[in-house]
Amino acid sequence: MAVRLDSFGLSELTSKPEDAFRLATLAMAEGRRVPGYGGDHYYYWMGDAAAVFHVRLDPETGEEELLGMDTHARTGCRWTCRVVRDVSDSEAGPLCRRALVRRDGGDDLAVVDLVCAGVLPDLREGDLLELGMAGFPLRISYDKGESQGVVEAQRDTVLLQGLVKDAKVGETYLGMEPLTKFVSVTVSTRMGDVELCHPMELVETSQRDLVRPGAVVSALCVLSGDCAVGDYAGGVVYDEERDLTVLSAFLRDGGVERLSSVLHGECVCTFLQNRQEGRENALALLEIVRSDLAAAGLTRRCMGRLTGGGPRGKRCLLLGGEEGYALLCLLELDSLGRIRALTITSDPQYDFEPDAL
């Protein structure tokens, strides 16, 4: 993922394992905590740069376990884009995700490392993401002329060309102690503006006078998109739509840690005639439901709304197979938006309408 401390001149901060551990400890003590599904993110701002640590409780020991780290930049650049597909590394931690995204109505594609992805209820094709965008160039050049603002996805990087809208000197600090300076340029592309951060040494000497507004910049870079912006600035959002999305993801992939955070401690779960009370019992029942649905070939999931038998328009999750939907899931929420009661039923009293695909 986007652990690009070298882009800020900060590589020495984690050059040794004990150094990285100290920085993580500092982030967890003094940084900004952003709760996610199944874990938390800690942002530790060092001037215009941030180290972001991903942490979860070890289910066996109950102690906090460090899962990974990202870097990001202080940026006002925002992209609104659609997920084309999840391209996360198979070895990535559960709170680290990478997505191929496309801007609505455009042809450009970008591969983006998602910082603080644990705030998202799922990562599915077609999902709309709002991201705070930064880029960390591996190669970069500045020139005069015109730009088409193109973004072209590679395997885990992007080729990017755009017009420099703003150029400034970024600064990093540790507490009150100044550390490094780096180049920070805001670049316009057809996907939206992105903040490129890199050391001046990455630019050829003959081009350094062109690091200014109006120049055309071309770069091979790693893109980093902060998910903890907009609706998710404070972390996870509990509501009926998102809770059903988390449940649907669980039935597809498993992952009791993510689902557990959505359930009220005294949650009641009913599957046909089987009723279980309490979070742990509810999770155990839902694990059985997931296994039984897979064994029966009922792997089709779709959001829908009730049209009869209950509050008209109430959201539900439809479960079935190739021949149609056999079950539906309804939720009752507590005052915080977490699941207080979950019912999976085949009761014919309910009429429903699937969402349009």
Side-chain angles (χ1 to χ4, degrees), residues 1-15 43-52 70-79 81 101 103 106 108-113 115 131-154 156-174 177-226 229:
M1 305 307 284
V3 186
R4 302 297 310 187
L5 286 170
D6 57 318
S7 296
F8 307 109
L10 295 173
S11 298
E12 292 187 0
L13 282 182
T14 58
S15 59
Y43 285 67
Y44 187 67
W45 287 99
M46 299 169 287
D48 294 317
V52 186
D70 286 313
T71 47
H72 206 62
R74 195 178 297 278
T75 175
C77 298
R78 296 285 186 271
W79 283 12
C81 47
V101 300
R103 189 175 181 88
D108 295 68
L109 295 171
V111 176
V112 181
D113 287 348
V115 176
L131 303 172
M133 292 301 302
F136 306 123
L138 307 176
R139 298 195 301 270
I140 195 165
S141 65
Y142 292 84
D143 203 349
K144 298 178 182 178
E146 297 182 357
S147 169
Q148 299 299 315
V150 66
V151 177
E152 181 180 328
Q154 307 295 297
D156 51 14
T157 59
V158 298
L159 291 171
L160 177 150
Q161 185 195 70
L163 194 68
V164 177
K165 297 175 64 175
D166 186 34
K168 62 184 180 183
V169 176
E171 298 180 295
T172 65
Y173 297 85
L174 193 59
E177 178 186 354
L179 295 178
T180 64
K181 295 184 179 181
F182 61 93
V183 177
S184 177
V185 293
T186 303
V187 179
S188 63
T189 75
R190 290 197 294 247
M191 297 271 305
D193 292 350
V194 58
E195 196 85 9
L196 297 185
C197 303
H198 62 84
M200 182 61 84
E201 290 74 19
L202 198 63
V203 184
E204 292 186 10
T205 304
S206 61
Q207 298 178 4
R208 292 181 182 177
D209 288 342
L210 292 172
V211 183
R212 62 175 187 265
V216 174
V217 62
S218 301
L220 172 67
C221 60
V222 175
L223 288 184
S224 176
D226 186 4
V229 298

Q: Output, in order, the C-alpha distance, side-chain angles, deciding distance and verdict of side chain to side chain contact (heavy atoms under 4.5 Å, CB included) for Asp143 and Ser218.
A: CA-CA 8 Å; Asp143 203 349; Ser218 301; over 6 Å; no
Q) How about Thr75 and Met133: do any of their side-chain heavy atoms sit closer than 4.5 Å? A) no
Q.
Quick check for you: to the nearest 0.5 Å, what is the distance between Ile140 atom CD1 and Leu220 atom CG?
A. 10.5 Å
Q) So do Leu163 and Val216 actually touch side chain to side chain, heavy atoms under 4.5 Å? A) yes
Q) Trp79 side chain to Gly132 main-chain N or O, any donor-acceptor pair under 3.5 Å? A) no
Q.
Minimum heavy-atom separation for Leu223 and Gly135, please, with both atom names.
A. CD2-CA, 3.9 Å
**Q.** Minimum side-chain heavy-atom gap Leu160-Val187 below 4.5 Å
**A.** yes
Q.
So which atom in Asp226 and which in His72 form the shortest heavy-atom distance, rounded to 0.1 Å?
A. CB-NE2, 3.5 Å
Q: Taking all non-hydrogen atoms of both residues into account, name the closest pair between Tyr173 and Pro178 and its distance.
A: CD2-CA, 3.5 Å
**Q.** Stepwise side chain to side chain contact (heavy atoms under 4.5 Å, CB included) check, Asp113 with Asp70
**A.** CA-CA 9 Å; Asp113 287 348; Asp70 286 313; 5.5 Å; no
With a 3.5 Å cut-off and sequence neighbours excluded, list the donor-acceptor pairs that the side chains of residues 197-207 form with protein atoms.
residue	atom	partner	partner atom	Å
His198	NE2	Tyr142	OH	2.8
Gln207	OE1	Tyr142	N	2.9

**Q.** Taking every non-hydrogen atom, the tightest pair across Gly225 and Val112
**A.** N-CG1, 3.4 Å
Q.
Could you tell me if the side chain of Gln154 sits less than 4.5 Å from the side chain of Leu159, heavy atoms only?
A. yes
Q: Could you pull out the closest heavy-atom pair between Ala153 and Val111, with the gap in Å?
A: CB-CG2, 3.9 Å
Q.
Main chain of Val151, side chain of Asp108: is a donor-acceptor contact present, judged purely on distance under 3.5 Å?
A. yes
Q. Looking at side-chain heavy atoms only, is the closest gap between Ser224 and Phe136 below 4.5 Å?
A. yes
Q: Verify the neighbour count for atom CZ of Arg208: are there more than 12 heavy atoms of other residues, nucleotides or ligands below 6.0 Å?
A: yes
Q.
Closer than 3.5 angstrom, by distance alone: can the side chain of Ser184 be matched with the main-chain N or O of Lys168 as a donor-acceptor pair?
A. no
Q.
Can a donor-acceptor pair be found, under 3.5 Å and without considering hydrogens, that links the side chain of Arg74 to the backbone of Asp48?
A. no
(Q) Main chain of Met46, side chain of Thr172: is a donor-acceptor contact present, judged purely on distance under 3.5 Å? (A) no
Q. With a 4.5 Å limit on heavy-atom distance, are the side chains of Leu174 and Tyr44 in contact?
A. yes
**Q.** Point-to-point distance, once rounded to the nearest 0.5 Å, from CG of Leu10 to OG1 of Thr180
**A.** 4.0 Å
Q: Give a yes or no on whether Glu12 atom CD has more than 12 heavy-atom contacts from other residues, nucleotides or ligands under 6.0 Å away.
A: no
Q) Taking all non-hydrogen atoms of both residues, which atom of Arg4 and which atom of Thr71 are closest, and how far apart? A) N-OG1, 2.8 Å
**Q.** Arg190 side chain vs Gln148 backbone, donor-acceptor pair below 3.5 Å
**A.** yes
